[in-house]
There are 2 protein chains.
Amino acid sequence: MRIGDLAKRAGCEIVTIRYYEKEGLLPKPARSAGNFRLYGDVHVERLQFIRRCRSLDMTLREIRALLEMRDNPTLDCGEVNVLLDTHLQQVEVRVEALLQLRQHLLALREQCSGARPVQACGILRGLINCNCHVVSAEHSNV
Amino acid sequence: MRIGDLAKRAGCEIVTIRYYEKEGLLPKPARSAGNFRLYGDVHVERLQFIRRCRSLDMTLREIRALLEMRDNPTLDCGEVNVLLDTHLQQVEVRVEALLQLRQHLLALREQCSGARPVQACGILRGLINCNCHVVSAEHSNV
DNA sequence: CTTGACTCTATAGTGACTATAGAGAATTAA
DNA sequence: TTAATTCTCTATAGTCACTATAGAGTCAAG
């Protein structure tokens with residue numbers, strides 16, 4: 001199976017696969033006579049695992065940790081739980097921040113219905129004058 | 001006022017200020033004899049505006065647009081409204097995705113309480129076998 | 001034999017910063 | 001006055017998880 005087929009089976013881009021290889025998440029595959037990468041079912045399964053974790057918004061660092069555990073199946077799985085709990089907690093924080101952000105934007109939106117000169121625009125005024133403190137969502141990039 | 005004072009007043013890092021200057025969001029300030037940047041109240045207000053928009057998770061591109069409108073106060077503010085509406089909609093999408101993600105993680109968390117060999121860990125099993133489709137949150141980086 | 005689809009490597013760009021190195025400027029303490 | 005500390009300067013590279021591009025090589029079908 002060549003890289004294009006693998007990409008289709010996992011629903012991701014070819015470049016992403018090469019990127020994962022470079023990052024050490026996918027093992028270096030065999031090569032054809034013409035230097036094409038050749039994959040098997042093991043790679044499909046592993047890549048799907050990675051993509052599933054990514055769809056859960058895990059970082060590659062987290063996924064790397066999970067893969068290592070997967071590769072040592074006799075270890076205790078407590079760490080898996082910790083990892084997931086931590087991740088979940090970050091998501092909770094992010095949800096909270098986003099909900100507040102949404103409220104804030106809605107309130108701001110109320111302040112102008114358009115068709116005025118910018119000078120009188122309630123939204124711009126709101127952005128300039130409000131002294132509320134929004135929980136910033138920028139760094140909780142979960 | 002030097003860059004450190006400005007940073008304190010706006011609650012951001014010094015490097016961030018220089019970055020905004022490089023990106024054209026803040027005008028190039030006067031310089032002292034020793035080549036230090038010198039700021040006034042105009043800069044404080046403008047930087048606070050930018051930071052407030054950032055705390056609302058707007059991109060620098062969006063903020064640039066708002067600043068341009070602010071700098072031309074006779075224009076119609078319809079565009080301000082459009083910009084905010086668009087932004088709000090993106091946030092709604094992101095909230096939706098995150099809530100689904102959260103549900104998914106919670107479900108996964110249920111599947112293992114720890115203290116087993118990784119081989120038997122319900123979470124890893126869930127990650128390997130589940131064929132659900134999660135609305136990916138990765139590209140809606142609002 | 002050529003067309004087209006596929007693949008290769010290497011490099012640069014994205015966004016919004018953050019980190020670092022190595023230097024000069026200004027302030028404070030001895 | 002000197003020394004130490006703190007602040008600032010520029011320039012460059014790194015972060016994350018990709019995405020985009022250039023230029024070349026490989027392979028199957030017509």
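Below, chains carry the letters A, B, ... as their sequence lines are ordered, and counting in each starts from 1. Only a predicted model underlies this, so the values are computations on that prediction, with no experimental measurement involved.
If B/Lys22 and B/Gly4 are placed on DNA chain D by their nearest nucleotide, the residue sitting closer to the 5' end is B/Gly4.
Side chains of A/Glu96 and A/Val93 form no contact here, defined as non-hydrogen atoms less than 4.5 Å apart. Put simply, the side chain of B/Glu23 reaches to within 4.5 Å of the side chain of B/Arg64, judged on heavy atoms.
Counting any heavy atom pair closer than 4.0 Å across all strands shown, B/Arg18 reaches a base atom. At a threshold of 4.0 angstrom between heavy atoms, the contacts of B/Glu13 are confined to the sugar-phosphate backbone, with no base atom among them.
The distance between atom CZ of B/Arg2 and atom P of C/dA25, rounded to the nearest whole Å, is 13 Å. Straight-line distance from the CZ atom of B/Arg61 to the C1' atom of C/dG13: 14 Å, rounded to whole Å.
A close approach under 4.0 Å does not occur between any side-chain nitrogen or oxygen of A/Arg64 and OP1 or OP2 of D/dC16. A sub-4.0 Å separation between OP1 or OP2 of C/dA16 and a side-chain N or O of B/Tyr20 is absent.
For the side chain to side chain contact (heavy atoms under 4.5 Å, CB included) with B/Ile17, the qualifying choice from B/Leu26, B/Ile50, B/Leu25 is B/Leu26, the only one to do so.
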Open item on the list: Evaluate B/Arg46 against B/Tyr39 for side-chain hydrogen bond (donor to acceptor under 3.5 Å, both in side chains), listing each step before the verdict.
Closed with: CA-CA 11 Å; B/Arg46 195 175 180 92; B/Tyr39 296 99; over 6 Å; no
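Considering only residues two or more places apart in sequence or on other chains, B/Asp85 meets the side-chain contact (heavy atoms from CB on, under 4.5 Å) condition with A/Arg109.
For the segment residues 24-40 of chain A, residues with any heavy atom less than 4.0 angstrom from an atom of DNA chain C are, sorted by number, A/Arg31, A/Asn35, A/Phe36, A/Arg37.
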